[in-house]
Every structure is written in C-alpha cells, then in structure tokens.
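Taking it in order: structure first as structure tokens, then the write-up.
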Amino acid sequence: MVTFKTLNSTFMNKRKFLKNTVMATTGMTVVPSLVLSSCKTEPKKEETVEPEAAAATATSFVLPPLPYGYDAFPDTIDAMTMEIHHSKHHQGYTNKLNAALKEANISGKTIEEILTMDELPTAIRNNGGGFYNHSLYWDILTPGNEGMSETLATKITEDFGSEEAFKNELATAGAKRFGSGWAWVCQDGDKKLHICSTPNQDNPLMKVAEQMGTPILGIDVWEHAYYLKYQNKRGDYLQNIIKIINWDKVASRMS
Ligand code: MN
C-alpha cells in the first residue's frame, strides 16, 4: 500500500527530473512516466535516466508531480478530490494529449508552442489545454502561504486598485464562468496584469481566447475541482483557494 506520505516523498525526489522533462517534447526516444509507475504498486522500481539526457529525448508530455501531498490542504481541498483530480483527470489529459500529438504527427514543440498554433485540432486544444492548465494550477498553490511580497502587492495595487479589489475580481471571474472553465490572471505585452476567464480547457495562450495574455495564475472552476467538499458552492471554493496561492510562484511567472 502506497501512502500519501511515501507517494509524496517519491514525488519530491522526482521533482528535478520532471521539472526538466514535463514541458520538453523534443527528440524521439520514449521516456516512461516515472510518476505513474511509482504511483502504482512498485514505487521503488524506477528508471535511472539522467535528467539532462531524459529532457533531451522525451517524446511525450509527462504528468508533473505535485509539490505537496494530496492531503496538503485539509481546510480547502479534500485529499480525495486532490488525488482524483491529479491522478485521473490531469493524467487523462496528459495521455490524450500525447495520443493526439502522435495522431497529428506533432513533435519537438513545447506545450506553449503547441497551444499558440494558429489552428488547434480539437483534441489538442482540449487535452493540451487540460495538461497546461492543471500543471499551472498545481504549481501556484502552496500549503505554506505567506502572502504577497511588497513588490507584487504594489504591482497589483497599481493595476487593480487594491489587493482586495484584485481578489474580488478574480473570485468573480471564476464564479461567473457558466459551466466548466478557468479564471486567470495574465500579463499583457505591456506588462499590465488583467483577469479573465475561459471555457472548458481553453486558456489565454490560445488564439481562440477572447482576451489573450501570458497566464501567471489559473484557478480551475470545473465541478471536479471542488464538488466533493463544496457541492454547488463554487463561491466558497474560490474564496478559500485564493488563500492558498503561492504568490512568490505567481510573481516568478511575470516578466
Ligand atoms: Mn480540473
């Protein structure tokens, strides 16, 4: 039986490797999903591929490991939601993206290059979006929230009036999204920040987006992200999830 704790420590050991491979798609040699093999029954049976070599030869996208355990947010997202969301939903998007890329004979591109293509086949739009969006979502959450740095708070006050106004606008964007989708904070070409929302697994990198931009924060508002704990109360989920944002990570995505 693999516990959350051992699973997470396996994840942590793999972070460097996956950081180097998850967004890399160049080359032709197969690199198996180390996370998945360790998630199943034999956590110690691991590949011994050097990170650099693996990054250079990865042919498909790999589910990024969580930088914390499934039980990291007991007051905000229950462990079962976390586990299903990461190991089933995100894994599913990853697998289907890889299949769709193979089908379309697309290789050697980063996920960002793929999502900004002029014409995205539907399967790549949906599953590539799902892969990218969830990778960002996990990355900008933290169980050790310490608030915004003064630099980020100043920037947000400049662009939104106040930190409170910014958080309200973000929560409102998520609450008003009809059906499934995402709420985003993006940076424009002129460095200004804006908040928007996209349907389904679209995101602001895509040319189909109503408002394009570089995502620095994304919140999943699909029911699968919150329904076990919050049922129909998406607003409560949004209020709570904004409290576990890793603001330093968000700031590090700004140019
Ligand atoms: Mn999701």
Side-chain angles (χ1 to χ4, degrees), residues 4 11 18 22-23 33 35-36 39 61-74 76-100 111-112 114-115 120 122-143 170-171 173-186 195-206 208-209 215-246 249-250 253:
F4 289 136
F11 282 162
L18 283 146
V22 69
M23 296 299 178
S33 166
V35 174
L36 280 187
C39 279
F61 291 96
V62 177
L63 179 70
L66 294 181
Y68 34 71
Y70 291 137
D71 56 355
F73 308 110
T76 310
I77 316 174
D78 57 281
M80 184 177 282
T81 295
M82 290 288 293
E83 180 171 6
I84 294 170
H85 202 175
H86 180 256
S87 71
K88 304 296 182 190
H89 290 278
H90 197 181
Q91 182 67 65
Y93 294 122
T94 308
N95 294 348
K96 288 176 186 169
L97 168 63
N98 289 333
I111 189 66
E112 288 86 352
I114 291 167
L115 297 181
L120 276 182
T122 303
I124 297 178
R125 174 178 171 179
N126 291 339
N127 295 295
F131 173 78
Y132 175 93
N133 298 349
H134 289 87
S135 301
L136 173 57
Y137 177 69
W138 304 128
D139 193 46
I140 52 88
L141 300 180
T142 179
L170 179 58
K176 287 174 78 172
R177 163 54 48 197
F178 182 76
S180 299
W182 289 75
W184 302 98
V185 181
C186 289
I195 287 170
C196 68
S197 169
T198 55
N200 305 315
Q201 294 296 354
D202 286 356
N203 69 43
L205 292 173
M206 296 177 182
V208 293
I216 61 168
L217 187 166
I219 299 178
D220 192 342
V221 297
W222 282 57
E223 287 183 345
H224 68 226
Y226 63 85
Y227 213 82
L228 290 182
K229 187 175 177 69
Y230 297 91
Q231 293 85 49
N232 59 314
K233 301 185 193 76
R234 185 191 285 182
D236 290 355
Y237 157 73
L238 284 160
Q239 292 301 326
N240 283 345
I241 201 153
I242 288 172
K243 295 175 188 163
I244 59 167
I245 302 285
N246 186 338
K249 272 282 174 64
V250 172
R253 299 181 62 87

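Whatever order the structure lists ligands and atoms in, that order sets their numbers, starting from 1. Residue numbers start at 1 and run along the sequence shown.
Distances from the Mn ion (ligand 1) to the N/O/S atoms of D220 are shortest for OD2. In terms of distance to the Mn ion (ligand 1), the nearest N, O or S atom of H85 is named NE2. Closest to the Mn ion (ligand 1) among the N, O or S atoms of H224 is NE2.
The nearest N, O or S atom of H90 is not closer to the Mn ion (ligand 1) than 2.8 Å. For residue H89, no N/O/S atom approaches the Mn ion (ligand 1) to within less than 2.8 Å.
Using cut-offs of 30° and 60° on the angle between ring planes, the pair H134 and W138 is tilted. The aromatic rings of Y226 and Y237 lie parallel to each other, with less than 30° between the two planes, well short of the 60° mark.
When ring centroids are compared, W222 and Y227 stay outside the 6.0 Å threshold. Between H85 and Y137, the distance separating the two ring centers is shorter than 6.0 angstrom.
The number of heavy atoms from other shown groups lying within 6.0 Å of NZ (K229) is above 12.
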